[in-house]
Amino acid sequence: MNNKLSLDFYSQADVVSVARQLLGKHLYSKIGGKITGGIIVETEAYRGPDDRGSHAYMDKKTPRTEMMYQAGGVAYMYICYGIHDMLNIVTGTEGMSHAALIRAIEPIEGLDVMRNRRAIFDDDKRLCQGPGALAKAMGLSKLHNGTDLQGDTIWLTDEGLSYSDLEVMAGARVGMNFEGPYKTIPWRFYVKGNAHVSRPRI
DNA sequence: TATAGGATAGGCT
DNA sequence: GCCTATCCTATAG
């Protein structure tokens, strides 16, 4: 596997473009000696400091957001609603607080492991459908915050698959509970008609 | 220190 | 469709 995404990819300045480019890339994790992974089919871009939806809005620096300011190519993970772990890909250069949330993958590797972690045995399309579900299926938690994506714990590859603009939908991000332009800005990208995309398909 | 609320998912009406 | 578990984080006092 020599087709890991490079630092050049992660250091791109435009996180919205990166989120779009991530569709079709493969995401893998190796946790407890078990490899799981699949094709990214849904992402969202978070562009601090101007993005009100970002944890780094207004350049907010806290212990939690610290990882978002690292140079691109590491994981930013945090817990949402006390229950769900979220996996983000940090992008841009050091000091930029940009990140792309991975919301859903189409599982292709380690299906049995994912079924067991999720305790779902009769509906594979639900295994990684949504950011919390995906992290659980792949064995990821906020313990993996800061993981270097060039390593062998979490990594992304280009397997030659890409989706054309005709196959991709852009819409408002999920869970934006505030008012203003960033509530509805179309920074959520997903593969049209793909069964593994999470709920709100609008 | 105390407390309100969140980039969700699953179960129930 | 509506409801809420669950606990960490951020912010205020």
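As the structure is a computational prediction, the values presented were derived from the model and not from experiment. Every chain is numbered from 1, with letters handed out A, B, ... down the list of sequences.
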Is any side-chain N or O of [X] closer than 4.0 Å to OP1 or OP2 of [N]?
X: Arg118(A); N: dA9(B); answer: no
X: Arg126(A); N: dA9(B); answer: no
X: Lys142(A); N: dT9(C); answer: yes
X: Thr62(A); N: dA10(C); answer: yes

Any idea which of dA9(B), dA7(B), dC8(C) is nearest the Ile79(A) side chain?
->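 Looking only at side-chain atoms, Ile79(A) lies closest to dC8(C).
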With respect to the side chain of Ile120(A), which nucleotide from dA10(C), dG10(B), dA7(B) is positioned closest?
->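 Out of dA10(C), dG10(B), dA7(B), the nucleotide with an atom closest to Ile120(A)'s side chain is dG10(B).
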Looking at dA7(B), does its base get a donor-acceptor pair with the side chain of Tyr78(A) below 3.5 Å?
->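 Checked by distance alone, the answer is yes.
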Check if the side chain of His84(A) and the base of dA7(B) share a donor-acceptor pair of N or O atoms closer than 3.5 Å.
->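 No, no donor-acceptor pair under 3.5 Å.
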Taking the six-membered ring for Trp, are Trp155(A) and Tyr28(A) parallel (under 30°), tilted (30 to 60°) or perpendicular (over 60°)?
->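 Rings of Trp155(A) and Tyr28(A): parallel, as their planes differ by under 30°.
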Mapping Arg64(A) and Tyr81(A) onto DNA chain C by nearest heavy atom, which one lands closer to the 5' end?
->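 With Arg64(A) and Tyr81(A) compared, the 5'-side residue is Tyr81(A).
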Closest-nucleotide 5' rank along DNA chain C - winner of Ile83(A) and Lys60(A) =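 With Lys60(A) and Ile83(A) compared, the 5'-side residue is Ile83(A).
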Compare every heavy atom of Ser97(A) with every heavy atom of Pro49(A), then report the nearest pair and how far apart it is.
->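 Closest pair (atom of Pro49(A), atom of Ser97(A), distance): N-OG, 3.8 Å.
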Determine the minimum heavy-atom distance between Leu101(A) and Leu87(A), stating which atoms define it.
->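 Minimum heavy-atom contact is CD1-O, 3.5 Å.
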Please work out if [X] contacts a base, only the sugar-phosphate, or nothing of the nucleic acid, heavy-atom cut-off 4.0 Å.
X: Gly53(A); result: base
X: Asn88(A); result: base
X: Gly175(A); result: sugar-phosphate
X: Arg173(A); result: nothing

If we call it a pair only when both distances are under 3.5 Å in a Watson-Crick or G-U wobble match, what pairs with dA9(B)?
->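 Checking every strand shown, dA9(B) finds its partner in dT4(C), with both distances under 3.5 Å.
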Watson-Crick or G-U wobble partner for dG13(C), using a 3.5 Å limit on both distances?
->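 For dG13(C), the partner nucleotide comes out as none, under the 3.5 Å rule.
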I need the [atom1]-[atom2] distance between [X] and [N], as an integer number of Å.
X: His55(A); N: dG6(B); atom1: NE2; atom2: C1'; answer: 8 Å
X: Ile89(A); N: dA7(B); atom1: CD1; atom2: C1'; answer: 15 Å
X: Lys61(A); N: dA10(C); atom1: NZ; atom2: C1'; answer: 16 Å
X: Met176(A); N: dT8(B); atom1: CE; atom2: C1'; answer: 12 Å
X: Leu134(A); N: dA9(B); atom1: CG; atom2: C1'; answer: 13 Å
X: Asp51(A); N: dA7(B); atom1: CG; atom2: C1'; answer: 10 Å
X: Leu140(A); N: dT8(B); atom1: CG; atom2: C1'; answer: 16 Å
X: Leu87(A); N: dT8(B); atom1: CG; atom2: C1'; answer: 15 Å

Quick one: do Arg115(A) and Asp124(A) make a salt bridge, cutoff under 4.0 Å?
->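 Asp124(A) and Arg115(A): salt-bridged.
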Geometric cation-pi criterion Arg173(A) and Tyr46(A), 6.0 Å radius, 45° cone |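 Here Arg173(A) passes the 6.0 Å and 45° test against Tyr46(A).
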Arg52(A) NZ/CZ over Tyr182(A) ring centroid, <6.0 Å and within 45° of normal =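 Relative to the ring axis of Tyr182(A), which defines the angle, Arg52(A) lies outside at least one limit.
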Determine the Euclidean distance between corresponding C1' atoms of dT4(C) and dA4(B); express it in Å to zero decimal places.
->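 My reading of the C1' atoms in dA4(B) and dT4(C) gives 16 Å.
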